[in-house]
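Each chain gets a letter, A, B and so on, in the order its sequence line appears, and its residues count up from 1. These numbers come from a predicted model, not from an experiment. Every heavy atom of this structure was used, including side-chain atoms; hydrogens, water molecules and symmetry mates were not.
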Amino acid sequence: GQSLEQPSEVTAVEGAIVQINCTYQTSGFYGLSWYQQHDGGAPTFLSYNALDGLEETGRFSSFLSRSDSYGYLLLQELQMKDSASYFCAVSEDSSYKLIFGSGTRLLVRP
Amino acid sequence: EPEVTQTPSHQVTQMGQEVILRCVPISNHLYFYWYRQILGQKVEFLVSFYNNEISEKSEIFDDQFSVERPDGSNFTLKIRSTKLEDSAMYFCASRHEGQANTGELFFGEGSRLTVL
């Protein structure tokens, strides 16, 4: 079967760094994406890794280890507006339909 | 900036009624998807659509669901006879063929369906 595991909640203070882990077990693997979703809003694309290593996009970075079926999203210089849910999602094949994890709710405190 | 638009934003319906949710994907996108999210839960894949036909569907997408692209811009999800458990946020998403290697889908703001 398919499974993506993420922590359900993370709390951090403004200005800090937080890492959200994702481990996956899927029948195929093309890449790992990360999406942000504010309450009542649409998922918004943050980052994508198809190959091992670190991808950096501003304050956000994402890492992938295909051999470990593991990835993480790193958020630096946290801001209050980063409070949201973060989902990892796997593309299993060339259709690029996404299998989402259950999401991690990030609360940033002053 | 181009965006995926969905209507209605919220629909309340009685159990057993038919519902049509509408989406206008970004104009040069060729791949379309419907996802749903039950309140507080993860986003679940329903169906993908390419070249005017369904390319893949999930176990959730049973005979009561159908999708159409009635014209060059709209993409619809029909639920024939709604059930209480169909209450969820339904997201339409699209991508351009050139985005195949980026993992990026563009999501609409969603249509919240409430079945009473």
Considering residues, nucleotides and ligands other than A:Arg105, do more than 12 of their heavy atoms fall under 6.0 Å from its CZ?
no
Taking everything shown except A:Glu14 itself, do over 12 heavy atoms lie less than 6.0 Å from its CD?
yes
Between A:Gly41 and B:Glu109, the two heavy atoms sitting closest are CA-OE1, 4.2 Å
Are more than 12 heavy atoms, taken from residues, nucleotides or ligands other than B:Asn28, located less than 6.0 Å from that residue's CG atom?
yes
Tell me whether the count of non-hydrogen atoms from other residues, nucleotides or ligands lying under 6.0 Å of CZ in A:Arg59 goes above 12.
yes
So A:Leu98 and B:Tyr35, side-chain contact (heavy atoms from CB on, under 4.5 Å) or not? Walk me through it.
CA-CA 9 Å; A:Leu98 298 177; B:Tyr35 287 82; 3.5 Å; yes
Measuring heavy-atom distances to chain A, does B:Leu39 have an atom under 4.5 Å in its side chain, in its backbone, in both, or in neither?
neither
Checking heavy atoms, do the side chain of B:Tyr50, its backbone, both or neither come under 4.5 Å from chain A?
neither
Nearest heavy-atom contact between B:Phe91 and A:Ala42 is CE2-CA, 3.6 Å
Walk me through it: do B:Leu105 and A:Lys97 pass the test side-chain contact (heavy atoms from CB on, under 4.5 Å)?
CA-CA 9 Å; B:Leu105 294 187; A:Lys97 80 170 196 291; over 6 Å; no
Assess the pair B:Phe45 and A:Phe100: is the distance between their ring centroids shorter than 6.0 Å?
no
Quick check: B:Phe107 with A:Tyr35 (ring centres under 6.0 Å apart)?
yes
Relative to chain A, which segment of B:Gln37 carries a heavy atom at a distance below 4.5 Å: side chain, backbone, both, or neither?
side chain
Among residues 18-27 of chain B, which ones touch chain A with a heavy-atom distance under 4.5 Å?
none
